[in-house]
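For reference, the structure is listed below as structure tokens.
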Amino acid sequence: MGEIISAGRRARDLVTQILNFSRQSPEERQPMNLSPLLKEALKMLRSSLPANIALNLNITASDDNVMADATQIHQIMLNLCTNAAQAMAQTGGSVEVEMADADGGGPVPPRDQGKPEWFVRITVRDDGPGMDAETMERIFDPFFTTKGPGEGTGMGLAMVHGIVKRHDGHIIAESAPGKGTVFHVFLPRTPSLERPRTEPLPQLVFTKGRILFVDDEKALVDIGKEMLEGMGFEVVTRTSSIEALEAFRYRADDFDLVITDQAMPNMTGLELAKEMLAIRPGIPVILCTGFSEAVSYERIREIGIGDFIMKPILRQEMMEAIGRLLGEVRPDLMASR
Ligand SMILES: Nc1ncnc2c1ncn2[C@@H]1O[C@H](COP(=O)(O)OP(=O)(O)OP(=O)(O)O)[C@@H](O)[C@H]1O
Ligand SMILES: [Mg+2]
């Protein structure tokens, strides 16, 4: 059983990565780890660069979780590194890529963009011929190029600039003739996706109570019901958010806790939670999200949702979330029946 579970976890992680790399729609920003992405992008680049250009990666960032669109980050790396390699085409040289904490020294984004600790900094450095001030002023302009007709479109850096701006990030260029060129790209870190760490509870303090469990997939409802009943709870299930809301409206005070899926037809888990919280403020709600609909902890807290867990639902995580939420509730406030 242990093997099956760890194989399942590996599969989940693999799917996450594949989704990261293959995501097509342009504006899809997801929490993701930058390191594997940079490694992959550089591996691809290396095979296309001439032999006289070296490409090195140095990762020092303590936390590489950013809100980003993987495909677009790929594009940024491709453009910056290609430019650097092209600048050194005659002489040869090395392109140095670095990923660091923006608050760990070195350049930071302008103050009005936010605190340095909110950003990860990706630096692409070359020791090519550099640029004069006149060129520097125009590098981000669409169609600006110093390359011959047919050699460059001049769209590379314009695109990079657009992508960085759409990511709420910032880009800085430093260069001078004969001094090489450096681009710093700042990307915002994921707003704490992780819930604040609390001591894991060895045992549930409360194993009594009535839980409303909602998921549009019958199989998951069955598993959830069994899991929760195994812990000692009474479980009411619904496979439609509309029906779940009806059941809740009918006897809101009979439930101690609601566990709901996020992605459901007609009404999402977030919307359902909002409606339920309007009916009974303070009802503990746990939102279960899949990879593609990751919601930040801050956002669900804002709505008033107690906690969230990522699918697939693991017994331990479920138990911790319930323990945290019901542990906050005084026993005398538990629904009476
Ligand atoms: N690392 C660099 N070193 C020196 N000059 C650079 C560097 N990166 C960009 N430039 C200058 O900025 C100009 C604009 O770059 P950009 O990537 O937007 O277009 P391009 O490289 O000319 O064309 P394309 O990207 O379509 O091949 C370049 O033509 C070049 O003059
Ligand atoms: Mg270019």
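When reading the values below, keep in mind they use all heavy atoms of this one structure, side chains included, and skip hydrogens, waters and symmetry mates. Just follow the structure's listing: the first ligand is 1, and inside any ligand the first atom is 1.
- Remark: minimum distance from atom 12 (O) of ligand 1 to any protein heavy atom is reached at I139 CG2, 3.3 Å.
- For the ligand labelled ligand 1, residue G128 lies outside the 4.0 Å heavy-atom shell.
- Considering only non-hydrogen protein atoms, atom 14 (C) of ligand 1 sits nearest to F144 O, 3.3 Å.
- Side-chain atoms of R238 and E246, non-hydrogen and from C-beta on, never get closer than 4.5 Å to each other.
- Nearest protein heavy-atom contact of atom 8 (N) of ligand 1 is N83 CB, 3.4 Å.
- Counting heavy atoms from C-beta outward, I122 and V97 have side chains that approach closer than 4.5 Å.
- In terms of protein heavy atoms, atom 22 (O) of ligand 1 is closest to T145 OG1, 2.6 Å.
- Using a cutoff of 4.0 Å between basic side-chain nitrogens and carboxylate oxygens, R324 and D307 are scored as salt-bridged.
- Counting heavy atoms only, G152 comes closest to atom 27 (O) of ligand 1 of the residues A173, A84, G152, G156.
- Using a 4.0 Å cut-off between charged side-chain N and carboxylate O, R138 and D141 make a salt bridge.
- Under 4.0 angstrom from ligand 1, the non-hydrogen atoms of D126 all belong to its side chain.
- Ion pairing of D101 with R189 is present here, as a side-chain N (NZ or NE/NH1/NH2) and a carboxylate O approach within less than 4.0 Å.
- Annotation: F183 places no N or O atom under 3.5 Å from an N or O atom of ligand 1; distance criterion only.
- Of the charged side-chain nitrogens involved, at least one lies within less than 4.0 Å of a carboxylate oxygen, so that K311 and D215 count as a salt-bridged pair.
- Here's the thing with T146: one of its N/O atoms is less than 3.5 angstrom from an N/O atom of ligand 1.
- Using a 30° and 60° split on the angle between ring planes, F248 and F255 fall in the parallel class, below 30°.
- Using a 30° and 60° split on the angle between ring planes, F186 and F119 fall in the perpendicular class, above 60°.
- Two residues are said to be in side-chain contact when any heavy atoms from C-beta on lie closer than 4.5 Å; L228 and M318 meet this criterion.
- Distances from the Mg ion (ligand 2) show that M155 has no N/O/S atom below 2.8 Å.
- Put simply, the side chain of N52 gets close to the backbone of A89: a donor and an acceptor are under 3.5 Å apart.
- At under 3.5 Å, not a single nitrogen or oxygen of T135, backbone or side chain, sits near a nitrogen or oxygen of ligand 1.
- Per-residue contacts place T153 under 4.0 angstrom from the following atoms of ligand 1 (heavy atoms of the residue considered): 23 (O), 24 (P), 26 (O).
- When the heavy atoms of Q86, M131, M88 are ranked by distance to atom 7 (C) of ligand 1, first place goes to M131.
- Protein heavy atom closest to atom 21 (O) of ligand 1, with residue, atom name and distance, is K147 NZ, 2.6 Å.
- For atom 23 (O) of ligand 1, the nearest protein heavy atom (residue, atom name, distance) is G154 N, 3.1 Å.
- Nearest protein heavy-atom neighbour of atom 15 (O) of ligand 1: L157 CD1, 3.6 Å.
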